[in-house]
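Below, chains carry the letters A, B, ... as their sequence lines are ordered, and counting in each starts from 1. The structure displayed is predicted, hence computed values, not measured ones.
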Amino acid sequence: MRVMSNAALSAIFERMADVMEILGEDRFRINSYRKVARVIGEMPTDVGVLLESGQLADTPGIGKSTLAKVEEFVRTGTITAHQELLARIPPSLLELLRIPGVGPKSVKTLYLDLRIRGIPELKQALDDSLVQTLPGFGEKKAAAIRRGIEFLEKASGRIRLDQAFAAAQLVIDYLRQLAGFERIQPAGSLRRCVETIGDVDILVCGGKATPPDAAADGQTPEQMIEFFTQAPFVERVLGAGGTKGSAIIRTQGPVVQVDVRVVPPESFGAALQYFSGSKAHNVRLREIAVKAGLKLNEYGLFEGQAMLAGAAEEEIYAKLGLDFIDPLLREDRGEIEEARKHTLPRLVRLADIRGDFHAHTTATDGSATIEEMAQAARERGYDYLGITDHSQSTVIANGQSPQRLARQIEQIHRINGRLKGITLLAGAEVDILADGTLDFEDELLADLDIVVASVHSALGAPRERVTMRTLKAMDNPYVTCIGHPTGRVIGHRDAMDLDLPAVIEHAARTGTALEVNADPSRLDLKDVHCKMAVEAGVKLALGTDAHGTGSLALMPFGVATAARGWATKGDVLNTLPLPRLRSWLKTKRP
DNA sequence: GCCGTTTTCGGCCCGACTGTTTTCAGTCG
């Protein structure tokens, strides 16, 4: 069977939707193509596998027509309907859609009236002052398009979760200087802790409704928006109205778009719900409202003119007959059905975490000593910390020889003897070598409390090889967990072409845990893979991969990722108190 | 194109802001 790429297939459906939009075809049909793209893109298992097992046909949003297209793709590697659509317009038109402010209608006009097929031609037309002469276009629109192109050329695209949190904090700290607003908090994909963030949404609650009333202390929603757009870090204002402002801001990290929205207290819950998304989740909610004869928008849940709920998110879910759904689950991945049946999982929280499984020290490429790391972990309230320095093959990180590791184990035992309030676990991040064997002999591994086995080389090898290496490593009785299982670095390096269903199945069979690396540039396993592992009964091991005391603070990103994968406290190994952890660690060993 | 304890046909989520308009279309989230 052909090994498919869900991402590639998802992109094809997305592209078909784009072309149909430019062609002006039925918007509901376009919507269903977009839904197919989303559903397939999020599937953790290869579409080809799901097609054969019949599960694809049972997936909501996938109908007969889509099934036929997927089958055709599996059989031939192409989709005729896709080719036919692409033949109807120059494919280069699609890049115009990526310009902020340029949608399908504009693309169509630009193409039909000016024969513009791509961004270079559009720039030329702008320079020649042709764009503003088009019907429905004008000077301002032309200027907006020019800025949109500049932004596209400069923007780094989606940013990492930690960068987005930092940007949000910068804005929130600034907005707090304007008195009279009760709550200011992030919404959007940031609140859901999605692994990358397109723009940062900030919700502000309060302000005086009428200017005369507000004159004394001068705070209306409009003034809040004005305050925001005049912030020193704002580089360009994209839009500003009575309740909503949008701007590009400069942070210490990347340039990022921030949207600020002001809502009255009676609508704060509805607005928070609405702006937290995801869009797919919200569409489902509004459908439920419509079926019940109600209307849901960012101001509240309404029956005719009467407001049934709005001040708190909880009320809205309750009135729709649903249990409260944690923002981390709001992706339309089954959470609405479970909420209706009152069977949502109780998600793991940061407070459940008793220790960190993955930390480096000055012995290899870390910046803090064992004692300093122990001290920092104790200050975080942990019961234990795994010291897992690199093994000898990771030369670039000053990996330890067997002799050095043996001495480090003794050192850790000595330090444990005098440490109060925390226990160090002697460990190692051991390289999984090209043939699937480990970088240390079993005799040495047996002296360790925990072993994180990781692939650090030949990540681009074929699927069979990288999968074989990982499976073989799990066969080793001393391997506690597989470190950053897919090897991806967000925005820099793709994941290995790993057969994850096979890895997860083998993890379940061998009693090996899988790491959720909490470093926001990794988040590996990622959310949908965590969900697969949880469903298979595989334990997740959360580790920050800290290379200094500060990065022990990255744990919340790991917890959020596991929770986005529906993990409960019971699914996460490092929620166990030390005695129970020790007995779990013994179960796999001979 | 998908979907159905109101439907196998006829629906399909909702509003803010902008710019080009004389009342609204396009874009975005």
Side-chain angles (χ1 to χ4, degrees), chain A residues 13 16-17 20-22 24-39 57-70 81 85 96-110 131-145 147-148 187-190 192 197-203 221-222 225 229 237-247 257-263 267 270-271 273-302 320 332 340:
Chain A
F13 277 96
M16 285 197 281
M20 288 192 292
E21 255 195 327
I22 293 172
E25 295 194 3
D26 179 68
R27 66 196 171 94
F28 297 109
R29 198 172 161 206
I30 292 165
N31 254 344
S32 65
Y33 273 69
R34 294 213 189 277
K35 181 166 185 181
V36 169
R38 178 180 69 83
V39 168
D58 294 335
T59 308
I62 310 277
K64 267 175 74 176
S65 170
T66 301
L67 222 47
K69 290 185 177 71
V70 176
L85 278 170
L96 296 176
L97 276 180
R98 291 173 46 232
I99 304 169
V102 175
K105 295 294 193 295
S106 302
V107 170
K108 190 173 187 178
T109 305
L110 288 167
V131 173
Q132 53 264 51
T133 64
L134 293 172
F137 288 64
E139 295 293 342
K140 285 187 172 174
K141 175 98 177 161
I145 293 174
R147 285 196 305 270
S189 49
L190 184 59
R192 304 201 314 282
I197 306 294
D199 48 37
V200 171
D201 293 301
I202 309 282
L203 203 58
E222 206 157 8
I225 297 303
T229 57
V237 178
L238 301 174
T243 63
K244 183 185 166 185
S246 187
Q257 180 177 334
V258 178
D259 296 336
V260 173
R261 184 80 179 231
V262 187
V263 295
S267 293
Q273 196 290 314
Y274 179 86
F275 288 107
S276 294
S278 67
K279 186 169 180 175
H281 175 91
N282 286 355
V283 167
R284 290 288 311 278
L285 243 50
R286 293 197 286 268
E287 283 170 0
I288 290 170
V290 168
K291 286 203 175 94
L294 310 175
K295 186 172 78 167
L296 178 63
N297 58 28
E298 60 260 57
Y299 298 107
L301 182 65
F302 297 91
L320 292 175
D332 189 24
R340 196 179 266 139

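Nucleotides B:dG10 and B:dT6 have their C1' atoms positioned 13 Å apart, rounded to a whole Å. Only the P atoms considered, B:dT20 is 30 Å distant from B:dC14, to the nearest whole Å. Distance check on atom C1': B:dT8 versus B:dG1 gives 15 Å, rounded to whole Å. B:dG11 and B:dT7 have their P atoms separated by 14 Å, given to the nearest Å. Nucleotides B:dT21 and B:dT27, compared at atom P, are 15 Å apart to the nearest Å. Rounded to a whole angstrom, the distance from the C1' atom of B:dG29 to that of B:dC13 is 12 Å.
Of the candidates B:dG19, B:dC13, B:dA16, B:dC13 carries the atom nearest the A:Val283 side chain, counting heavy atoms from C-beta on. Nearest nucleotide to the A:Ser32 side chain, out of B:dG1, B:dT27, B:dA16: B:dG1. When distances are taken from the side chain of A:Lys244 to each of B:dC13, B:dG26, B:dA16, the shortest belongs to B:dA16. The side chain of A:Phe28 approaches B:dG1 more closely than any other nucleotide in the set B:dG1, B:dA16, B:dT20. When distances are taken from the side chain of A:Lys295 to each of B:dG29, B:dG1, B:dC14, the shortest belongs to B:dC14. Here the side chain of A:Asp201 is nearest to one of B:dT27, B:dC13, B:dG29, namely B:dG29.
Ion pairing between A:Arg29 and A:Glu25 holds under the 4.0 Å rule for side-chain N and carboxylate O. In summary, A:Arg38 and A:Asp332 engage in a salt bridge, as defined by a charged side-chain N under 4.0 Å from a carboxylate O.
Remark: P of B:dA16 and CG of A:Leu203 are 14 Å apart, rounded to the nearest angstrom. Straight-line distance from the CG atom of A:Leu296 to the P atom of B:dC14: 8 Å, rounded to whole Å. For A:Ile62 and B:dC2, the CD1 to P distance is 8 Å, given to the nearest whole Å. Nucleotide B:dG26 holds its P atom 18 Å from the CD1 atom of A:Ile99, rounded to whole Å. Rounding to whole angstrom units, CG of residue A:Leu96 and C1' of B:dG26 are separated by 16 Å. Taking atom CD of A:Gln257 as the reference point, atom C1' of B:dT27 lies 12 Å away to the nearest angstrom. To the nearest angstrom, P of B:dT21 lies 12 Å from CD of A:Gln132. Whole-Å rounding puts the A:Ile288 CD1 to B:dG4 C1' distance at 15 Å.
Shown are A:Leu203, A:Leu238, A:Ile202, A:Asp201; of these, the side chain to side chain contact (heavy atoms under 4.5 Å, CB included) with A:Asp259 is made only by A:Asp201. Just one of A:Lys105, A:Arg27, A:Arg34 meets the side-chain hydrogen bond (donor to acceptor under 3.5 Å, both in side chains) condition when paired with A:Glu21; it is A:Arg34.
Contact check, A:Tyr274 against B:dA16: no side-chain N or O comes under 4.0 Å of OP1 or OP2. Residue A:Asn282 places none of its side-chain N or O atoms closer than 4.0 Å to OP1 or OP2 of B:dC13.
Base-pair partner of B:dT27: B:dA16 (Watson-Crick or G-U wobble, both distances under 3.5 Å).
Inspection of the A:Gln257 and A:Ser246 side chains reveals an N or O donor paired with an N or O acceptor under 3.5 Å.
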